[in-house]
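Positions are given from 1 along the sequence. Note: hydrogens, waters and symmetry copies are ignored here, and every other heavy atom, side chains too, is used.
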Amino acid sequence: MENSLTCSSTPRWNSERPFLTGRFHQENKTTSRFAETKGYSIDSFSLGSEKAIGCYNAAVQELIVIDDLLSALVGIEGRYISIKRVRGKEDSFAFQVDTSMDLALQELAKRIFPLCESFMLINHFVESRSQFKNGLVNHAFAAALRALLLDYQAMVAQLEHQFRLGRLSLQGLWFFCQPMMGSMQALYTVIQKASANNFAGSAVLNLLQSQARAMAGDSAVRSLLEKMVQCASNAYLGILERWVYEGVIDDPYGEFFIAENKSLQKESLTQDYDAKYWRQRYSLKDGIPSFLANISGTILTTGKYLNVMRECGHHVQVPASENTKLMSFGTNHHYLECIKAAYDFASNELLNLIKEKYDLMGKLRSIKHYLLLDQGDFLVHFMDIARDELTKKLDEISVEKLQSLLDLALRTTAAVADPCHEDLTCCVETSSLLKRLGTFKDLGNSRTVPHGNDIEEPVSVTGLETFSLSYKVRWPLSIVISRKALTKYQLIFRFLFRCKHVDRQLCGAWQIHQGVRSLKMRGTAIPRSSLLCRSMLKFINSLLHYLTFEVLEPNWHVMHNRLQTAKSIDEVIQHHDFFLDKCLRECLLLLPELLKKVEKLKSLCLQYAAATQWLISSSIDIPNVEESSDGSLVSEKTKQYKSRSTSQVLKLSSSNTNVTESILNFEREFNAELQSLGPILSNGSQTEPHLAHLAQWILGVGNDQ
């Protein structure tokens with residue numbers, strides 16, 4: 001996701017010249033007779049002496065031991081105290097004494113050795129962790145330790161001064177060392193764990209905090225560790241402050257708990273169905289500091305909001321004052337209040353920017369007009385002028401011609417008053433609606449969605465089954481109206497468009513029936529066909545009424561009211577996505593069994609409409625209706641109809657014996673499919689209450705009961 005961080009390397013001379021690091025005392029490898037006689041390895045650094053310490057009396061031994069211990073306290077070998085590096089462990093040391101030393105003096109000296117070992121480990125940690133590659137937190141922690149070691153060395157210098165004045169005994173040395181023992185041992189434990197696991201960044205802070213909590217019984221040690229946490233976290237809080245106040249990740253060593261994926265650009269929102277930009281451009285990493293764990297999501301969101309405004313060219317910075325600095329944290333939780341204030345500011349600024357400057361609600365209303373057919377006058381005109389193109393097969397359709405016809409329809413209807421109408425485009429999908437739903441992912445209820453391979457594609461797919469509208473959405477509105485959201489709008493539009501097409505075809509068939517009413521067709525199948533046409537019209541109009549007035553309009557108003565009270569852009573996204581998912585579900589698009597039945601009924605209606613026009617037109621001469629000069633409707637063949645006798649008309653209508661049988665077949669099949677909806681709607685209404693409204697509109701279930 002991220003490129004590997006490149007850090008400046010520590011100059012070689014910094015490690016090759018020991019006089020710059022203070023380790024030259026330990027690098028003197030002149031081996032003493034004492035070391036040789038005791039069998040020390042070559043890694044033992046003893047300066048040696050002429051004779052064993054046991055040759056001296058106890059008082060002299062005590063003076064020699066104090067002198068050696070004062071050197072050992074700052075990591076320098078004495079004459080009878082040697083430092084041995086443990087093989088295979090560069091940062092592990094052991095102190096050893098001449099075995100001829102007085103046992104009482106040995107025992108006291110060994111009590112002080114842990115303090116010497118702690119100093120050497122801490123000093124080695126400070127030298128190693130000051131390198132660039134170890135990160136800002138380790139740098140700050142090492143700096144705090146270096147300051148502590150200065151105090152420690154000052155204490156050793158004071159003890160040495162007392163020793164030179166003859167005022168320091170071995171017991172006194174042990175007494176004065178005891179206050180530092182607990183603190184140095186606690187730091188020794190922390191540094192051992194940090195070195196063994198190569199901790200950096202938040203891991204160091206968490207380790208220090210956990211160790212501080214573990215030392216609750218020792219207030220002095222706990223206070224020291226808390227001070228170390230404060231010092232080590234200053235650099236980390238500096239990174240955090242820039243993020244929540246400016247939306248900038250200033251993290252040269254990759255220590256911050258928010259990762260940036262620079263490969264994801266905002267332009268991908270209009271193409272990427274999964275909208276990875278908003279979810280993955282900035283994301284949380286592992287290793288969040290424990291004191292920020294509960295508010296990490298708010299921190300992430302705050303910086304994201306500021307980044308969106310920066311991408312829009314709207315440079316904004318959270319107003320910072322001395323009271324809002326994040327350079328420290330404590331038990332008063334003031335830093336949490338600062339973060340919350342920064343979040344509120346960023347959230348309000350971005351929400352106002354998108355609502356006011358980029359007119360989010362206006363864009364959503366425009367999409368509702370076109371893709372949810374809120375104002376369908378342009379669509380009626382478009383379907384009239386694009387009828388020939390839409391009835392072609394997929395490989396014969398010209399999308400450019402459809403686009404020009406759509407532009408014409410928009411310019412010649414009320415849609416021209418919409419300032420966003422130029423963002424509307426058209427496209428032709430490669431599969432039918434049912435097939436597209438089978439391959440559509442993340443519908444919210446995957447168990448009800450059949451696999452795309454289980455759905456049979458119609459033999460002849462035309463533009464009427466695959467035509468769809470699209471919409472140009474620009475940044476930053478593409479955060480809310482993403483590719484996924486637009487796809488859901490298109491699915492609803494395709495379903496509504498198909499219903500409108502069926503309604504238009506049935507209206508054409510109904511007009512044909514109305515045209516032959518004056519011919520007195522009693523005793524034929526034409527009146528029965530008229531009743532069937534009326535039933536089909538009732539079905540499709542009831543379905544459209546349910547979809548628009550029972551589903552889309554109420555849900556739209558609920559979403560609109562929620563968006564007015566939303567406190568953040570994430571709430572806006574959540575309400576908008578909930579609206580689309582609920583509309584998809586209540587528009588039957590997530591109920592494949594029911595949707596297949598409805599599509600079957602619509603297919604029967606289309607077959608009937610086409611057959612009716614052909615059968616009746618071939619059996620009876622249908623007049624072309626025109627308007628006379630006085631405003632009344634007359635036909636150009638009225639005289640021909642009047643001149644025909646009733647017997648001639650009946651003979652003409654009954655000449656095709658297949659007309660009656662075809663109409664009866666359509667009636668039986670339509671009624672059977674319509675009745676089969678009853679049990680499905682009844683069973684489904686227990687889990688989907690909106691289906692009861694659909695049953696009431698289509699089957700009249702509510703009126704019959």
**Request:** Drop me the distance from I339's CD1 to Y245's OH, to the nearest 0.5 angstrom.
**Result:** 8.0 Å
**Request:** For K340, check side-chain hydrogen bond (donor to acceptor under 3.5 Å, both in side chains) against everything at least two apart and list the hits.
**Result:** D344
**Item:** Partner residues of L149 under the side chain to side chain contact (heavy atoms under 4.5 Å, CB included) criterion, sequence neighbours left out
**Value:** F119, I122, N123, V126, M184
Scan the side chains in residues 287-298 for donor-acceptor partners under 3.5 Å anywhere in the protein, sequence neighbours excluded, and list what turns up.
{"residue": "S290", "atom": "OG", "partner": "N206", "partner atom": "OD1", "Å": "3.4"}
{"residue": "S290", "atom": "OG", "partner": "Q209", "partner atom": "OE1", "Å": "2.5"}
{"residue": "S296", "atom": "OG", "partner": "A293", "partner atom": "O", "Å": "3.2"}

**Item:** ring pair (Phe, Tyr, Trp, His ring centres under 6.0 Å) pairs, two or more places apart, involving residues 213-239
**Value:** Y236-F256
**Request:** Check L552 against I492 and note the closest heavy-atom contact, atom names and distance.
**Result:** CD2-CG2, 4.2 Å
**Request:** State whether E553 and K368 are salt-bridged, where the test is any N-O pair (Lys NZ or Arg NE/NH1/NH2 against Asp/Glu carboxylate O) under 4.0 Å.
**Result:** yes
**Request:** Determine whether more than 12 heavy atoms belonging to other residues, nucleotides or ligands lie under 6.0 Å from atom CD of E422.
**Result:** no
**Asked** What are the two closest heavy atoms between L424 and S470, and how far apart are they?
**Response** CD1-O, 3.3 Å
**Prompt:** Counting only N and O atoms by type, is there a donor-acceptor contact under 3.5 Å from the side chain of E571 to the main-chain atoms of L563?
**Reply:** no
**With R310 via side chain to side chain contact (heavy atoms under 4.5 Å, CB included) - residues at least two apart** = E246, V248, N307, H315
**Request:** Evaluate the side chain to side chain contact (heavy atoms under 4.5 Å, CB included) criterion for residues W556 and L364: first the C-alpha distance (whole Å), next the side-chain angles of each, then the deciding distance (0.1 Å), finally the verdict.
**Result:** CA-CA 10 Å; W556 167 267; L364 290 176; 3.7 Å; yes
**Complete:** Contacts of H576 meeting ring pair (Phe, Tyr, Trp, His ring centres under 6.0 Å) (sequence neighbours excluded), chain-then-number -> Y489
**Request:** Evaluate whether atom CG of N352 has more than 12 neighbouring non-hydrogen atoms of other residues, nucleotides or ligands under 6.0 angstrom away.
**Result:** yes
**Request:** Would you confirm whether S195, through its side chain, and I191, through its main-chain N or O, come within 3.5 Å as a donor-acceptor pair?
**Result:** yes
**Complete:** Applying ring pair (Phe, Tyr, Trp, His ring centres under 6.0 Å) to F125 and not counting sequence neighbours gives F141
**Message:** Between N138 (side chain only) and S128 (backbone N and O only), is there a donor and an acceptor less than 3.5 Å apart?
**Reply:** no
**Message:** N197: which residues meet the side-chain hydrogen bond (donor to acceptor under 3.5 Å, both in side chains) condition with it, sequence neighbours left out?
**Reply:** none
**Asked** What residues, two or more places apart in sequence or in another chain, satisfy side-chain hydrogen bond (donor to acceptor under 3.5 Å, both in side chains) together with R494?
**Response** none
**Request:** Using the test ring pair (Phe, Tyr, Trp, His ring centres under 6.0 Å), find all partners of F493 that sit at least two apart in sequence or belong to another chain.
**Result:** F497
**Asked** Does NZ belonging to K193 count more than 12 external heavy atoms closer than 6.0 Å?
**Response** no
**Message:** Please report the interatomic distance NZ(K355) to CG(N348), rounded to the nearest 0.5 Å.
**Reply:** 10.0 Å
**Asked** Would a distance-only check, ignoring hydrogens and angles, find a side-chain to backbone donor-acceptor pair under 3.5 Å from S482 to I479?
**Response** no
**Message:** Regarding D570 and Q574, do their side chains bring together a donor and an acceptor under 3.5 Å, going by distance alone?
**Reply:** no
**side chain to side chain contact (heavy atoms under 4.5 Å, CB included) evaluation trace for I258 with L284** = CA-CA 5 Å; I258 294 176; L284 295 176; 4.1 Å; yes
**Message:** Suppose we screen for side-chain hydrogen bond (donor to acceptor under 3.5 Å, both in side chains). Which residues come up paired with R146, at least two apart in sequence or across chains?
**Reply:** S130
**Prompt:** Would Y253 and N134 count as having a side-chain donor-acceptor pair, cut-off 3.5 Å?
**Reply:** no
**Asked** Which residues satisfy the side chain to side chain contact (heavy atoms under 4.5 Å, CB included) test with C420, sequence neighbours excluded?
**Response** K363, S366, D418, D423, Y471
**Message:** If the test is side chain to side chain contact (heavy atoms under 4.5 Å, CB included), which one of L353, V308, V480 qualifies with I569?
**Reply:** V480
